[in-house]
Protein chains: 2
Amino acid sequence: MSAPSGASEQKNGTSEITQDSDDLPDMLDAKLWQNPCPFSFRINYLSLLYNTPLYAWIQDTYGLKRHEYVVIYSLALADGGSARDISRTSGFPKNTLSRAVKRLEMMGLLEERSKAPGGGRRQALRLSDKGRKLFNETVSVFESYEEKMLTPLSKGERQILFELMSKVVVGAEDWADDLPQTGATDSTKNAKGEMR
Amino acid sequence: MSAPSGASEQKNGTSEITQDSDDLPDMLDAKLWQNPCPFSFRINYLSLLYNTPLYAWIQDTYGLKRHEYVVIYSLALADGGSARDISRTSGFPKNTLSRAVKRLEMMGLLEERSKAPGGGRRQALRLSDKGRKLFNETVSVFESYEEKMLTPLSKGERQILFELMSKVVVGAEDWADDLPQTGATDSTKNAKGEMR
DNA sequence: CTAACTAAGTTCCAAATTGAACTTGACTAC
DNA sequence: GTAGTCAAGTTCAATTTGGAACTTAGTTAG
């Protein structure tokens, strides 16, 4: 219910739920076209469609969990970054990343860190040659999957999309993390988060 | 390292890692501007920035986990939908949703289902009045947070963005779930996934 | 009608996740 | 110097998660 312009609503006159049944649910239509937050849904849904098969493939092919591969990818782009940086930019909590780093180090994908114990201060993480090789082998799969995702768009449209999305992300500093409407959002509590 | 045009690279001459330290990491810059998958990063990162505070707020205010609220939201848009539909459109696995539905039912947010046990066939889930009330109370917060996210864009730009994103999602049927490059991706294995 | 097949939903339990404490180290003020 | 503060990283324990097996029903073939 909840809105007009539903995708389908004929068939039998009883009050049954309409459902194409074979494939994509009615619900997808509703979430796309009757959603009060259409942009949010689109980014979430596309992220899902993009990430799921890629990380499943990474898992099957290299035995790396998503957060582990994220570490590799992050360091490939920003060598010498810290676990905190990866946490901030990926949303995985720092203890999850701590374990990921430890495992990747054991697997020889990261350079050995000098100071391991306790914690202390910022650790610059670096890919080993093996780690960089892994990245180089895999990145093109990610790239071409993004390419595939953008197939419906012309070159020019992609450029526009890139610019608009960039604007939104750059502007995010202003809004990120203060809730609207909700009067007294006490700031003493730090949000967790994730991504997937 | 890893690329030119790095954000900052002066300071002390030693081989230290450059880092603004105070706030946003260098790594974010790298992921934005030297990323082979710039679109994928943007949707993932924006999803993170959007979802995290909202679901933290939901949790604090109503004691509902993300997947539980997702059930509410989904049914508000597509009443009579099934757990499977929610799974397909949100990425949460069906057993997680099964538990969520059970709890929401106990909390009186969903209408009682007639057939509970075992499973069997498609169950049409429906919000109770209480559930719909909860949705109505919360949806505006989600809406205005999306609004905030899009602040940097003009009305016209938002329209364009909407259309481009729609094109991509609609085209997704074609590419979703077949991996590129990887020759023999056996299809007998079903990908899991999530969203957040 | 019965058997076989398919798929939604549930249950189970081993494994993963993450909040909370803790450790460690740097930086600051005195 | 020393005390105090702050934040990165680690560890621990309790909860949560989700793959796999199972149950239940509808649907189809014989």
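Every value quoted in this text rests on a predicted model; they were computed, and no experiment measured them.
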Between Tyr145(A) and Asn51(A), a side-chain donor and acceptor under 3.5 Å: no
Output yes when Arg158(A) and Glu147(A) qualify as a salt bridge under the 4.0 Å nitrogen-oxygen rule, no when they do not. yes
Do Arg113(A) and dG9(D) share a donor-acceptor pair, side chain to base, under 3.5 Å? no
Quick note, Arg99(A) side chain, CB onward, closest among dT10(C), dG9(D), dT17(C) is dT17(C)
Does Thr96(B) make a side-chain N or O approach to OP1 or OP2 of dG18(D) shorter than 4.0 Å? yes
If we ignore angles and hydrogens, is there a donor and acceptor under 3.5 Å between the side chains of Ser47(B) and Asn44(B)? no
Gln123(B) CD - dT10(C) P separation (whole Å): 5 Å
Does one side chain, of Tyr62(B) or Glu137(B), offer a donor that lies under 3.5 Å from an acceptor on the other? yes
When you match Ser98(A) and His67(B) each to their closest nucleotide on DNA chain D, which lands nearer the 5' end? Ser98(A)
Choose from dA8(C), dT16(D), dA8(D) the nucleotide whose nearest atom is closest to any side-chain atom of Lys65(B). dT16(D)
Can you find an N or O donor on one side and an acceptor on the other, under 3.5 Å apart, linking the side chain of Asn95(B) with the base of dG9(C)? no
Measure from the side-chain heavy atoms of Arg121(A) and tell me the nearest of dA26(C), dA25(D), dT17(D). dA26(C)
